[in-house]
Every structure is written in C-alpha cells, then in structure tokens.
Amino acid sequence: MNNKFENIIEEFKWREYLKDFTTNADSLLIKEKITCYNGFDPTAKSLHIGNLIPILGLQRLQNHGHTPIVIVGGGTGMIGDPSGKADERKLLSNEQIEENLIGIKSQLEKFLDFENKNNPAKIINNSEWLSKINLIDFLRDTGKFFNLNNMMSKDSVKNRISREEGISFTEFSYQLLQAYDFLYLFENYNCTFQMGGSDQWGNIVAGVDLIRKKNTNINNKAHGITYPLLTTSNGEKFGKSVDGAITLDPEVTIPYKVFQYFYNSSDEEVLKYIKLFTDISFKDYEELKEATLQSPFKRESQHFLSKEITRIIHGDKGMNSALRQTEGLNQGNWKILKEEDYKDLYKGSDENTQLSRKELDSGITLQQISVNYGLCSSLAESKRLILQGGISLNGEKINKIEKIITTNDLKANQILIISKGKKSHKIIKVD
RNA sequence: GCAGGGGUUGGGGAGUGGUUAAACCCACCUGUCUGUAAAACAGGCGCUUUAUGCUUCACAGGUUCGAAUCCUGUCCCCUGCACCA
C-alpha cells in the first residue's frame, strides 16, 4: 500500500486511467494545483460502481492537492438523453433532485474530503445557474459561440442524424449546456479542469472552446481529461449484473453482490481493475500479476480485487460479511452463515420473495416454489432440473420432485434458499 | 397499383394432408469436469394433473375422420415492374 507517486500524472499513467487530455493538461497537473470537476447524473437514487472510476479519480486528484468539484446535473439531467425511445422523458422534480443530491453527497463523503481547509471538495447542483438562464441572453451570449457546422460534425451527433429517428433539438442542445456549466465553474469557482468518460470528450472540448472564446485575454486556460470507458471482456457494460446495476448503496446492493461481481472478473480484466481501483503496492501488484499468469486457477487476483473493492465501498464489516456469505453460498460451507447473513442475503434478493406461513403449512413442493419465485420458468422445467440434480435447497441437492418444504427447512427460522445450478439463488422469507 | 417470393417453437432454417411438439444449426439451461473460467462430454430446451392430455407453425374463417401443410379473406415483409417526381 501507499505508493509514492510523484504527482497525479504519474499515478494516472500507472493506473492507465487517462484516455485523452488536452494539450499541456498533463504538465499543468504536475506544476500547479488546479480545480477539477466531474458531472454525475442524479437520475438514480444511488451511485453505481461505474461511478467509482470518476469518484476515485477525484479522490486521487484531491490527494495530490487538487480541488475536486462534483456537479450533480440537476439542470442537465432534465434535458438528458432521450435515448432513442419515443417515450416522454420523466422530468425530475426539484425535490427529487434535492433528495438524490443528499444521497449522493453522503456516498461521496466516504471518498472525498469536504472539510479539508486547503482543497475541500464541493458538490454543486448545476440547476443553481441553469434554471436561471434567460433564453434570449443565452442565445446571444453563449449560442453565438457555437458553430453549427462544428456541432453537426461531432460523432455523437453525426451518428444520430444519419439514423432514421434523428435527434431532437433538446438533445442536440445538450452540449451547449454542458459547455456552459464548465464556463460558469471557470468564472465562478476558478475551475479549469473537467474530467469525464471518453464518451464525454466532445462535450468537454465544447466547454474548453467556449471558455477560450469568451476569455480571449487568458491563454488556453481550460483543460479536459478523460478516462476510458470500461466494458467487460464479453462486451457488456461495466457494472451491470444479471439483476441490474451494482450500486454503492448497501441497502440496494449488498456487499456480497459487489464482491461477487468483481470475483467473476476474467483473467484479462482483473489486473486492469486492480490497478484502476485499488491502492495496491507495486510489489504486490507484480506478485499478483505473476500469480495470475502462473496459476490463474487460484484466482488470487480476483480474490484480492473483490475483497479490496468491497472494503473500499462498504468497509471492513461489509467485506467480512461478503466473504462469509461467499464461503457459505458459493463454496457450500453453509454452516458458517449467521442469522444476519440470511437476513442480509434476503435483503439483497429481488422483491416479492415472501412466502406466507399459511402457504408453507399447506404443503408446498420444491418444484412449485422454484417456479413461483422465478427460478424456473415452468413446472416442466423445474421437474427436469430437479431430476438432473440442478436444484438445491439450502445448499443440498434435492433429487425428488415430491419434496415438500417444511418449517424444518427454514434457516434463521424464516429464510429459505433455493438454487439453480451453482450461481443462481433465490432467497425466500417466510413470515 | 401489377407480378413474383415469403411469414414455422429465442435466432437461423427444414417440413406441402396423418406416427410432426415439428429435422438440423446457433443461442440458452442443468450435470460431470474445472478456477464461481474456458474447453470437452452427457442431458435438456411449448404447457400441464405425463396422458394414445392440452396449446402452438402471421391473423380470422373454411374443407377434411385428420391441416404448419389444401381453400377464402385480412395483415405484414422482400424482389421485379409500373405510377408519382
């Protein structure tokens, strides 16, 4: 732990965190202490692990003495991506955004220092200024600096225009708003850097250009840096699991799920993730790299990665419960599971997994229950799987289709875990 | 608008009156193996009260003891031609 990086650029380079940056952004980050912002969409109640990349990026900037600003896009969130569908985009109410903002801030507090004297982090809602914009003023003072030809030539726009559905004016104007955000922060918070995913490059540059055009006397003062967007080796979006996004909120995504998500990283991506997410020492890293090459089956890297990330997000307590639940549920050592683990696992499972005592007492079969709770799609399927040995109850394979669930099968006197194969489990609570 | 071809179980694609719940390939699921991997092998892949049971082959009717297969109508897709520019 605690590598000594001379500066943030050295650190970012080692972590392979940077995809692109504007000219001289690197030398400025070494020479000066700057203020950098990164925007987050407040549409969800909680941040998800994809956001961990910018969060840790800001954290590392702060560690090197730079000042991070988090913009929660209350204003831009209302404009947003209409994502191809004809559906009306739900406008978030101010109260809702305010609520999300509070939630997001409390999550960020674990990662960023808001109290620090020299370079305290800030979290700001851009509706503060965007909602006050006057249309005429905006078109005169800001719109004038945008050349339609340039806007149209942006890849993101070009792709949409060539498609049949086209692009709405609302979405088209999004880049102006994000550029305006940057300008506003530049002028009012002395913020000269914007960070974002590589898909944001166009929007970031738009802001940089706007600032340059509006401040002709200052030479090229605004900069942008981007981090690469992660996809898994299967080409899936990073951070999505079978049952939805992995969030940072333990009430929504229990630590066990975070752990499992990273434990299932492939050998190709696991080392990349370790560099990106953890504070591993060079020496340990080299050792793990070697271990993964020599004996990948030991999954040492996966183990290290998932353990570390779970700890970063949920602390030691969360990490320990994730380890215990993993040993119980995935390695078959059911004995070590505590009552709280069963409750935890239940919390982490889908909705509608309640079973009434009455139903239980009337004698329900395993076959039936595995269909009722979506483990199998039909009685025929569950029968087949049971006969093939694919269904287990609390970790024990059941081969008899006549098996009836009784109160003796309950764990912690109220939880029932049925599994299909090794990886899909349903946790059912009896009340 | 005219002519021709076509719509089959997640995708591709056989099947032109009966033993066809429908070949085959892919995807997917389970088991064995394994590294909570990949590959390989085995089983499976409409539903159920497992029965010479039920519901399926674009949709609605009809012929027949019996239809995905034949007839009529409707909808949709592709390809030529025409019309309109």
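Just so you know, these numbers come straight off a predicted model, no measurement behind them.
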Identify the nucleotide, in any strand shown, that forms a Watson-Crick or G-U wobble pair with [N], with both distances under 3.5 Å; if there is none, say none.
{"N": "B:A82", "answer": "none"}
{"N": "B:A39", "answer": "none"}
{"N": "B:A58", "answer": "B:U74"}
{"N": "B:U34", "answer": "none"}
{"N": "B:G66", "answer": "none"}

*asked:* Test of understanding: with side chain to side chain donor-acceptor pair (under 3.5 Å), list the residues that count as partners of A:H425, not counting sequence neighbours.
replied: A:S419
*Output all residues satisfying side chain to side chain donor-acceptor pair (under 3.5 Å) with A:E10, sequence neighbours left out; order by chain, then residue number.*
none
_Filter on side-chain hydrogen bond (donor to acceptor under 3.5 Å, both in side chains), then keep only pairs touching residues 103-115 of chain A, sequence neighbours left out; what's left?_
A:S46-A:Q107
How far does the [atom1] atom of [N] sit from the matching atom of [M], given to the nearest Å?
{"N": "B:U50", "M": "B:U36", "atom1": "P", "value": "39 Å"}
{"N": "B:U63", "M": "B:C45", "atom1": "C1'", "value": "36 Å"}
{"N": "B:G7", "M": "B:C57", "atom1": "C1'", "value": "10 Å"}
{"N": "B:C47", "M": "B:A3", "atom1": "P", "value": "43 Å"}
{"N": "B:U69", "M": "B:A21", "atom1": "C1'", "value": "15 Å"}
{"N": "B:G17", "M": "B:C70", "atom1": "P", "value": "8 Å"}
{"N": "B:C83", "M": "B:C2", "atom1": "P", "value": "15 Å"}
{"N": "B:G66", "M": "B:U55", "atom1": "P", "value": "15 Å"}

*Not counting sequence neighbours, which residues clear salt bridge (charged side-chain N to carboxylate O under 4.0 Å, His left out) with A:D344? List them please.*
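Residues passing salt bridge (charged side-chain N to carboxylate O under 4.0 Å, His left out) with A:D344: A:K347.
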*Please identify each residue that fulfils salt bridge (charged side-chain N to carboxylate O under 4.0 Å, His left out) with A:D409, with sequence neighbours left out.*
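Expected list: A:K403.
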*Sugar-phosphate atoms are those with a prime plus P, OP1 and OP2; base atoms are the rest. Using that split, label each nucleotide of nucleotides 29-38 of chain B B, S or - for protein heavy atoms under 4.0 Å, 5' to 3'.*
SBSSBBBBS-
_Minimum side-chain heavy-atom gap A:Q178-A:Y174 below 4.5 Å_ = yes
*asked:* For A:K19, is the NZ atom crowded, meaning more than 12 foreign heavy atoms sit under 6.0 Å from it?
replied: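 It does not: A:K19 NZ has 12 such atoms or fewer within range.
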*Counterpart residues, ring-ring contact (aromatic ring centres under 6.0 Å, His included), relative to A:Y342 (two or more places apart)*: none
*Could you pull out all residues at least two apart from A:F297 that satisfy ring-ring contact (aromatic ring centres under 6.0 Å, His included)?*
none
Using a cut-off of under 3.5 Å, enumerate the N/O to N/O pairs linking the protein to nucleotides 49-52 of chain B.
none

